[in-house]
Amino acid sequence: MSLSLQSPLSSALSSRSSFLQKGGGGGEGRLRLLSGSLSSNSIFFKLHNPSFPQIRASSLDAGASTELDAVSSLSEIVPDTVVFDDFQKFPPTAATVSSSLLLGICSLPDTIFRSAVDTALADSGCSSLENDVLRLSCFANKALVNVGGDLSKLVPGRVSTEVDARLAYDTHGIIRKVHDLLKSYGEIDVPPERLLFKIPATWQGIEASRLLESEGIQTHLTFVYSFVQAAAAAQAGASVIQIFVGRLRDWSRNHSGDPEIEAALKRGEDPGLALSIDALIQVTKAYNYIHKYGYKSKLMAAAVRNKQDLFSLLGVDYIIAPLKVMESLKESITTPDEKYSFVRRLSPHSAAAYSFSEEELIKWDQLSLASAMGPASVELLAAGLDGYVNQAKRVEELFAKIWPPPNV
């Protein structure tokens, strides 16, 4: 467990309790981009580049279209994993740059992005820093920005840049990091409107989002696993709120026999498990809250496991779908009559009729958020942060080994 998560759970909560257009992961060993189909009412992809072809089946009967076309008319469908070989099949429209992506680039030295990393490692400003920790952090930031700058030339949409997860419980640290990244992007002529900054949804991250959004800097809050996180993020004005469906279902299955949880449920208590017991219900609640009360945030459902999950979420602003699901949607043809069977589950109209309890409509603060998150979101948030922290450390360890780069 990382240093940021070593304090006891209760005190930890109280103390620290792509991509998108103005209103984004990568796996080691390969390069991952977020992309999606273009829709006429999308704020996701305003910067449409005609050179990127639309996602369509190669040949269709007259009057027929694909399932992908049908569901894309109801939600913005974003493929989760698109490697370079998939560009023609699922052309990238937006991207996320992260520590994981940097690891993938360094494992594939012949990629077009390797020069962006080498240039970062040759940065004179970073090299002049005597402190090893600061120098490696500087190199990592420059690499993120250089790769993000290259991606901004390849995709018509926004580039989301991961903010160091080691700052997840440091509001001002997050803000300083975003300002530094934004300044570096300005030095390579990437305008702010092409950028979004990906921040963990701790209380401190949510507060940083509020302050950054007040400056006109758009944020994307990730690691959202509970309605209360989503509600607090919406109140903060986050541009995008990313909620993980599959991970919550996995957690629920793994804890279905937990005696303490079962006992609490039998007593009629809700130990913060509404999302893990039925992740789709919680997504519905978050969507309805955002749209009923007029928050500017857009909700993104991630970790979708299969087509049925996707069909159950239709109407949510964005859905990140695995490549295998995207391929299945694209290969399945529907007739005009069949397209009507794709029902919009979420809409501003249905949101207006949704009822919330008084407890759910409070102004969320650090204490109320910490007390209401529940074990599922607490555990999953900690695990997600540990993963991001470990990736950031691996990048810096790798850079320490390969700096200075050859021929520089």
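Quick note: numbers below take in every heavy atom, side chains included, and nothing from hydrogens, waters or symmetry partners. We're numbering straight along the sequence, starting at 1.
- Between E162 and V97, every side-chain heavy-atom pair lies at or beyond the 4.5 Å cut-off.
- Under the ring pair (Phe, Tyr, Trp, His ring centres under 6.0 Å) criterion, F223 pairs with Y388, sequence neighbours left out.
- Within the 4.5 Å cutoff, no side-chain heavy atoms of L221 are placed close to those of Q242.
- Residues passing the salt bridge (charged side-chain N to carboxylate O under 4.0 Å, His left out) test with R135 are D132, sequence neighbours excluded.
- The disulfide (SG to SG under 2.5 Å) test applied to C106 returns no partner, not counting sequence neighbours.
- For the pair L310/L313, no side-chain contact is recorded, criterion being any heavy-atom separation below 4.5 Å from C-beta on.
- Between A230 and I241 the shortest heavy-atom distance is O-CD1, 3.5 Å.
- E360 is linked by a salt bridge (charged side-chain N to carboxylate O under 4.0 Å, His left out) to K285, counting only residues two or more places apart in sequence or in another chain.
- In this structure, S377 contributes its side chain and S226 its backbone to no donor-acceptor pair below 3.5 Å.
- Residue pairs meeting the disulfide (SG to SG under 2.5 Å) criterion with at least one member in residues 120-223, sequence neighbours excluded: C126-C138.
- The distance between the ring centers of F356 and Y354 falls below 6.0 angstrom.
- Proximity of L154 to F113: side-chain heavy atoms (C-beta onward) are separated by under 4.5 Å at one or more points.
- Among residues at least two apart or in separate chains, there is no disulfide (SG to SG under 2.5 Å) pair with a member in residues 140-250.
- When the shell of 6.0 Å around NE2 of H179 is examined, it contains more than 12 heavy atoms from other residues, nucleotides or ligands.
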